[in-house]
Amino acid sequence: MTANEIKALRSALLDWYDASARTLPWRTEPGEATRTDPYRVWMSEIMLQQTTTVHAAPYFNAFTARWPTVSDLAAAEDADVMAAWAGLGYYARARNLLACARMVADEYDGVFPDTEEALLKLKGVGSYTAAAVAAIAFGRPANVVDGNVERVMSRLFAVEAELPSARPELKRLAGLFVSDHRPSDWPQGLMDLGARICRPKSPLCGECPLSFGCAAYKQGDPQSYPRKAKKAERPHRLGHAFVLRDGKGRVALVTRPDKGLLGGMLGLIGSEWGGAPDYAPPFEADWTEAGTINHVFTHFSLDLTAHVATGWVDDPALVWMEEGEALKSLPTVFRKALERALA
DNA sequence: TATGCGTGGAC
DNA sequence: TGTCCAAGCAT
């Protein structure tokens, strides 16, 4: 692809973005001189990792209303942040969010660093997020490459190599378009195009401002890009959860270890999840089986059987919480099991 | 480089 | 129903 072709594609995309940019809570209008608060850009980028804009938006609004600055967030209680993140998934993000806010508060005096290199050292900030914040918040010409950009590049150039091994090549191709001109709008426009036009399925090539230069479009099979390696089969696991109620509207929860699945989150008392776990109630009580819920995680599917009893155990590890609050503070798999137990 | 890590919507 | 997928990161 020649330099002139690159320039024509850039121009076409920016024109399209000027006319059709999405309005999002964390975004300023295209070309707007006043840049969005780096704190808000960073917050949105963390929440948007592997997460749709529709899902992230209410959490973004809640977090920024409750903790308007990075210093406010740095001073928050861990449990409050984890509970506020409940339902959004990938809970390591919430732990890293807090760790990062405290790094910025302590080491940078509450002011976000403005270079890709420094951003990359922050907890939970990887190559994508560092580039995105550098470009969107600070106007730096960074090579911002996410799943959208990879897909757009794979189609523009009809890249035959499969993901994930094609990633370095796709990043190199994306780098051909990076420029000092409108460095903040370029990646946002490219990602908007990927989300709305150059979609994974049923791309809207008839509306695409880049179709004139798209190799996959010329071939007639844009949807077949990017090529992907086959995924491993998802195993099935079983487990039991024990809902102990005190008879006064509260329920016993545990705080899960910081690392691993649902790390740092509240959870129900229960067994390990495996192929055929023993039914092993943790306490003597008159347990009643309330039903089984299914929940699908990224890498396994779980059938979790809920058991319910009324009683009291004097155990300092237990967190007794109002049932309504528990439903709001638990990750979804436990929320579903608790709902079943209380039904 | 491969794997572990959530959730809900689209089809 | 199942499958894919969404602004990835850490290890």
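Order of the sequence lines fixes the chain letters, A, B, ..., with proteins taken first and strands second; residue numbering starts at 1 for each chain. Quick note: numbers below take in every heavy atom, side chains included, and nothing from hydrogens, waters or symmetry partners.
Taking the ring axis of Phe300(A) as reference, the NZ or CZ atom of Arg234(A) does not stay both within 45° of it and closer than 6.0 Å to the ring centre. A cation-pi arrangement is absent between Arg93(A) and Tyr91(A) under the rule of less than 6.0 angstrom and at most 45 degrees off the ring axis.
Here the nucleotide nearest the side chain of Lys231(A), chosen from dT7(B), dA7(C), dC5(C), is dC5(C). The listed nucleotides are dC5(B), dC9(C), dA7(C); the one nearest the side chain of Asn148(A) is dA7(C). Here dA7(C) is the nucleotide among dC9(C), dA7(C), dA6(C) with the atom lying nearest to any side-chain atom of Arg22(A).
Not one N or O on the side chain of Asp221(A) forms a donor-acceptor pair closer than 3.5 Å with the backbone of Ser224(A). The closest donor-acceptor contact from the side chain of Glu5(A) to the backbone of Thr2(A) lies under 3.5 Å.
Ring centroid separation for the pair Trp85(A) and Tyr59(A) does not come in under the 6.0 Å cut-off. Between Trp320(A) and Trp312(A), the ring centre distance stays below 6.0 Å.
Nucleotide dC5(B) holds its C1' atom 13 Å from the CH2 atom of Trp85(A), rounded to whole Å. To the nearest angstrom, P of dG2(C) lies 10 Å from CG of Asp303(A). Here dT1(C) presents its C1' atom at 11 Å from CG of Asn294(A), a figure rounded to the nearest Å. One can place CG of Leu302(A) at 13 Å from P of dG6(B), the figure rounded to the nearest angstrom. Protein atom CH2 of Trp186(A) is 16 Å distant from nucleotide atom P of dA7(C), rounded to whole Å. Taking atom CG of Leu88(A) as the reference point, atom P of dT7(B) lies 9 Å away to the nearest angstrom. One atom, CD1 of Ile293(A), and another, P of dG8(B), lie 11 Å apart when rounded to the nearest Å. Met191(A) places its CE atom 5 Å from the C1' atom of dA7(C), with the value rounded to the nearest Å.
Counting all heavy atoms, side chain and backbone alike, Gly264(A) lies closest to Thr255(A) at O-CG2, 4.3 Å. Residues Tyr17(A) and Gly189(A) come closest through the heavy atom pair CD1-CA, 3.4 Å.
In this structure, Arg234(A) and Ser165(A) both approach DNA chain B, and ranking their closest nucleotides by distance from the 5' end singles out Ser165(A). Positionally, the nearest nucleotide of DNA chain C for Arg27(A) lies more toward the 5' end than for the other of Arg27(A) and Lys123(A). Ranked by how close their nearest DNA chain B nucleotide is to the 5' end, Val296(A) and Pro164(A) are led by Pro164(A). Projected onto DNA chain C by closest heavy-atom contact, Gln188(A) and Gly124(A) fall at different nucleotides, the more 5' of which corresponds to Gln188(A).
Residue Lys201(A) places no side-chain N or O under 4.0 Å from the OP1 or OP2 atom of dT3(C). Remark: Arg95(A) is not in phosphate contact with dA10(C), judged by side-chain N or O atoms under 4.0 Å from OP1 or OP2. For the pair Tyr91(A) and dT7(B), the criterion of a side-chain N or O lying under 4.0 Å from OP1 or OP2 is met. An OP1 or OP2 oxygen of dT7(B) is reached within less than 4.0 angstrom by a side-chain nitrogen or oxygen of His295(A).
Ring geometry, Phe177(A) versus Phe157(A): the interplanar angle exceeds 60°, so the pair is classed perpendicular (tilted spans 30 to 60°).
Between the side chain of Thr332(A) and the base of dG6(B) there is no donor-acceptor pair of N/O atoms closer than 3.5 Å. At a cut-off of 3.5 angstrom, the base of dA7(C) holds no donor-acceptor pair with the side chain of Arg93(A).
Within 4.0 Å of Lys259(A), counting heavy atoms only, lies no atom of the nucleic acid at all. Counting non-hydrogen atoms under 4.0 angstrom, Leu24(A) reaches a base of the nucleic acid.
Of the residues in residues 40-61 of chain A, those lying under 4.0 Å from DNA chain B by heavy-atom distance are Gln50(A), Thr51(A), His55(A). Taking every heavy atom of residues 333-343 of chain A and every atom of DNA chain B, pairs under 4.0 Å involve Val333(A), Arg335(A), by number.
Residues Arg151(A) and Asp146(A) are not paired through a salt bridge, judged by the lack of any N-O separation under 4.0 Å between the basic side chain and the carboxylate. Ion pair Arg95(A)/Asp78(A) not flagged as a salt bridge, since none of the NZ, NE, NH1 or NH2 atoms sits closer than 4.0 Å to an Asp/Glu carboxylate oxygen.
Comparing dA7(C) with dG4(B), their P atoms are spaced 24 Å from each other, to the whole Å.
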